[in-house]
Colleague: 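This is the structure I have questions about; it appears just below.
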Amino acid sequence: MIRFELDPLPRRRKRVGVYLGVLALAFTLAGALFAAYGVGPLEAYGTLLEGTLGDPQGLAEVLRRTIPLLLIGSGLTLAFRVSFFNIGAEGQLLLGAAAGAAVALFLPASAVSLPLMFLAGAAAGGLWTLPAAWLRARVDVNEILTTLMLNSVAGYLVLYLVSGPWRGEQVQGFTYTDEFPGAARLPLLGDTLVHWPTLVLGVVLAVALQVLLTRTSLGYELRVVGESPRAARYAGMPIPRVVLLTGLLSGGAAGLAGVGEVAGIHYRLLDPSQISLGYGFTAIIVAWLARGHPALVLLTAPLMGLILAGGDLLKISLNMPFRVIDVFSGLMLLCLIAGESLVRYRVRWAR
Amino acid sequence: MVRRQVLLLALLALGVAGSAQAEEKKLKACFIYVGPVGDIGWSFAHDEARKLTMKALPWLETQYVEAVPEGQALPVIDRLVKGGCKVVFTTSFGFMDQTLEAAKKYPDVVFAHTSGFKRAPNMATFMADFYQLYYLNGLMAGALTKTGKVGYVAAFPIPELKRHISAFALGVRAVNPKATVNVKWINAWVSPVKAREAAEALMAEGNDVLAFTEDTATVVQVAGRKKVPGFAHYSPMHRFAPDFVVSGQLVHWEKIYIDFLSKVRDGTYAPGKLKDVDYWWLLRESAVELGGQPGLPINPKYVDALKKAQMTVGGKQVSVYDRVMELLKDMSSPTPTFDPFTGPLQDRNGATRVPAGRVMSPQELNQMQWVAPGVVGPVADEPK
């Protein structure tokens, strides 16, 4: 008979082994899927790697898809570490995009336009988490539900803005705002489409949050509240304030990503489903993979960026259905969550 | 049977030999779709046309990319051009600015953008428009409604839809001057949920005929289930409610693609010569077709009712069926005499929009913000 029992202190080697194993499993399953579709798995993965890592244009595309994941992912990693399960990054991103767009469209364009847009975006994204964080801190309402619900509210708010008061005068009735002035557009790296200031911001944020978490007394509070709220309460830590701060930080990071998308790619606010491509949800995988260390997002975000850009490539070069990439990342998440359980338990063969 | 197989093999062999010869001279055209090819509306129609174009032009090689979000056209174009595409079709209004940018970046590649209004020396625009068909469908809807209320599920309040809803309402009112066309906006091209809600609400409000402009078959399905007649849009939807799809609008983008690509190949449309190339193709060019499925302009189940229904044209009584057929023939001829948007026309607020004797130009139709009398419901950006 097989028995599972709790493994209180899994060794590092086991951890790494299990995660590598489940990742291999995910790639095998996805490969089987490719084969079922009529594309050899090796060919598919070959195309995927060659067109992304082996090609400057492809590499730029990976970077471009990494940017929002980097920002949102590091914020979420922090939030998950504090056991604040913010599933609303998508909505916070949209709010950030909207606030950034407001600055770009309604304030005079100047040299400070871009910094102002990022500030406004971070503020809007952070404030958008406040209701959920406050409810969690004060009356213990499950933040998974509230943040998730706020996504739809944010989506409809942006839709209202672009189809109503903010609709552009040069868009012939389509649901966009007018284009941002030049001063409100992020510079690109060479002739690629990588809006590098946002990328730099993401790297800085990931490192800064790591430092905050591991090297400051506030970080100590965050970690204690996350691991053992009871101990935190016993030590007299201000739990509600810590939770509110976590909400603000993770929402603010998502808001920054929203500004990056509109100021670096679209140059206008548009239909919510076209702004973010689901980065707020993909970043959950990024944060999950980072295991509570914001700096690790510097590895996990490019990994997901690679998968997203690779998925586009499968779509373009091999004409696979566009949903294939959803299946791919779904398989990854599923296997990783299974891996999580496998690490925490050990298998015993008993009679 | 065997003989047919042999013939087929022979043809195949010929085809292979032919393609081997033409290998060097193949033209590669690439298509960028905003939706999945598996949808039933816009992107599906473009992809069907791509396949037909492939069949018609043996020297053509194609590639497509589906479900490209609006902000992501540029990286896709980069890839396609790198992969050898000489002609790129971008098939959504939202790709307009990015196509223009790409046209500047790749001056030797020919670009063609659907439904937009910006052109460049190597970027043309093209559109197959339905307004004539909407007018004909409006005539039929006006004849079939008993409550005098026709429901209309609409995607976005853009000029294209205002033009179509207005043409439809002009048709409805030509038969039944008191009827109304009640519009509900769903602000989505593909949202079966919102389309169903809107269709059900319209039926609950007493609309007994439904038409729509969005990219799913939801409206005819929902209407069919309630035994309410409806009009298909964009692709063959007759099969979703065979007893209740009266007619509809069908598109044949391949007519444009074949013409355009042939001219690219023979040099007429070389990069640099496209600044003024704007396809605005209608019934006359066979770029559009009346019906819920090809070859079936009017569902036989409704022919009797439409023959019985009478309308007044120029002081004379004619059956709606005859009128539809007469106008269809006229507008499909090389020199149409009828146009739904012929003055005098007023908008629904009573302001004169087209003086007597004038016909609206394609440019006016493309920028149309007003709607015709009979349209009920809020309409964004309507001039006062």
Side-chain angles (χ1 to χ4, degrees), chain A residues 51 55-58 60-62 64-65 97 156 159-160 162-165 167-176 178-179 188 191-194 261-262 264-278 308-309 311-326, chain B residues 30-38 43 47 62-83 85 92-94 96-98 101 105 115-118 155-163 185 187-191 366-369 378-382:
Chain A
D55 168 48
Q57 200 179 29
E61 195 52 20
V62 173
R64 196 176 69 98
R65 308 293 297 258
Y156 279 108
L159 188 62
Y160 164 75
V162 293
S163 58
R167 172 153 36 196
E169 280 163 17
Q170 280 122 48
V171 298
Q172 297 231 339
F174 278 85
T175 46
Y176 311 107
D178 281 332
E179 287 204 305
L188 301 177
D191 64 348
T192 68
L193 300 169
V194 179
E261 293 303 288
V262 291
I265 296 176
H266 303 292
Y267 307 135
R268 53 171 30 131
L269 193 65
L270 64 170
D271 186 277
S273 65
Q274 307 279 345
I275 293 178
S276 100
L277 311 180
L308 291 181
D312 284 348
L313 210 65
L314 294 181
K315 200 169 82 174
I316 299 171
S317 302
L318 300 176
N319 259 327
M320 300 190 54
F322 76 106
R323 287 287 180 211
V324 73
I325 210 58
D326 295 347
Chain B
C30 297
F31 297 75
I32 298 182
Y33 307 136
V34 71
V37 291
S43 297
D47 200 52
T62 69
Q63 187 182 354
Y64 73 86
V65 187
E66 66 172 340
V68 175
E70 287 187 352
Q72 313 292 328
L74 214 45
V76 174
I77 293 173
D78 280 342
R79 279 259 174 237
L80 292 176
V81 171
K82 203 173 176 193
C85 289
S92 174
F93 179 84
M96 182 166 66
D97 291 323
Q98 297 204 329
E101 222 170 293
K105 191 169 169 187
S115 75
F117 52 88
K118 291 185 183 168
F156 290 99
I158 55 176
E160 180 189 338
L161 270 83
K162 292 181 180 182
R163 167 169 88 234
W185 304 98
N187 282 312
W189 288 114
V190 181
S191 173
N366 266 319
Q367 290 168 359
M368 183 168 163
Q369 293 291 2
V379 174
D381 301 326
E382 196 180 0

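When reading the values below, keep in mind they use all heavy atoms of this one structure, side chains included, and skip hydrogens, waters and symmetry mates. In what follows, every chain begins at residue 1, and chains take the letters A, B, ... in the order their sequences are listed.
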Colleague: Using non-hydrogen atoms and a 4.5 Å limit, figure out which bit of B:K162 sits close to chain A: side chain, backbone, both or neither.
Modeller: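 For B:K162, neither part sits under 4.5 Å from chain A.
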Colleague: What part of B:N366 lies closer than 4.5 angstrom to a heavy atom of chain A: side chain, backbone, both or neither?
Modeller: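 Looking at B:N366, just its backbone touches chain A.
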Colleague: Within the 4.5 Å heavy-atom criterion, are A:R167 and B:P157 side-chain neighbours or not?
Modeller: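 A:R167 vs B:P157: side chains touch.
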Colleague: May I ask you to name which of B:P36, B:G94, B:G38, B:P75 has the most heavy-atom pairs under 4.5 Å with chain A?
Modeller: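 Result: the option with the highest number of such pairs is B:P75.
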Colleague: Does any donor atom in the side chain of A:R64 or B:Q72 lie under 3.5 Å from an acceptor atom in the other side chain?
Modeller: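 Checked: A:R64/B:Q72 side chains pair up, N/O donor to acceptor below 3.5 Å.
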Colleague: With heavy-atom distances below 4.5 Å as the criterion, would you say the side chains of B:L80 and A:I316 are in contact?
Modeller: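 The answer is yes; the side chains approach within 4.5 Å.
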Colleague: Provide the closest heavy-atom pair for B:E66 versus A:M320 in the form atom of the first, atom of the second, distance.
Modeller: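 Where B:E66 meets A:M320 most closely, the heavy atoms are OE2-O, 3.9 Å.
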Colleague: Chain B heavy atoms under 4.5 Å from A:T192: which part of the residue, side chain, backbone, both or neither?
Modeller: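 Contact with chain B is absent: no heavy atom of A:T192 under 4.5 Å.
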Colleague: Could you tell me whether the side chain of A:E61 reaches within less than 4.5 Å of the side chain of B:D78, counting heavy atoms only?
Modeller: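 They are not in contact (no side-chain heavy atoms under 4.5 Å apart), so the answer is no.
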Colleague: Looking at CG of A:L313 and CZ of B:R79, how far apart are the two atoms once the value is rounded to the nearest 0.5 Å?
Modeller: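 Reported to 0.5 Å precision, the distance equals 4.5 Å.
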Colleague: CZ/B:F156 to CG/A:D271 distance, rounded to the nearest 0.5 angstrom?
Modeller: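 Answer for the CZ-CG pair, B:F156 versus A:D271, is 5.5 Å.
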Colleague: Could you tell me whether the side chain of A:K315 and the main chain of B:V65 form a donor-acceptor pair under 3.5 Å?
Modeller: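 It does not hold such a pair.
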Colleague: Not counting sequence neighbours, which residues clear side-chain contact (heavy atoms from CB on, under 4.5 Å) with B:F117? List them please.
Modeller: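 Once residues adjacent in sequence are excluded, the partners of B:F117 under the side-chain contact (heavy atoms from CB on, under 4.5 Å) criterion are A:Q172, B:F93, B:M96.
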Colleague: Let me know if A:I275 has heavy atoms under 4.5 Å from chain B in its side chain, its backbone, both or neither.
Modeller: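 Neither part, no heavy atoms under 4.5 Å.
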Colleague: Quick one: pull up CD in A:E169 and CG in B:D381 and give me the separation to the nearest 0.5 Å.
Modeller: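 Nearest 0.5 Å value for the CD-CG distance: 9.5 Å.
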Colleague: Any heavy-atom pair between the side chains of A:D55 and B:K82 that's under 4.5 Å?
Modeller: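 With C-beta onward as the side chain, the pair touches.
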Colleague: What part of A:E179 gets closer than 4.5 Å to chain B, counting heavy atoms only: side chain, backbone, both or neither?
Modeller: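 When you check distances to chain B, only side chain atoms of A:E179 fall under 4.5 Å.
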Colleague: Heavy-atom pairs under 4.5 Å with chain A - which of B:Q369, B:E160, B:E70, B:Q63 has more of them than the others?
Modeller: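 The candidate making the most pairs under 4.5 Å is B:E70.
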Colleague: Select one option (side chain, backbone, both, neither) describing which atoms of A:R323 are under 4.5 Å from chain B's heavy atoms.
Modeller: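 No part of it gets close to chain B.
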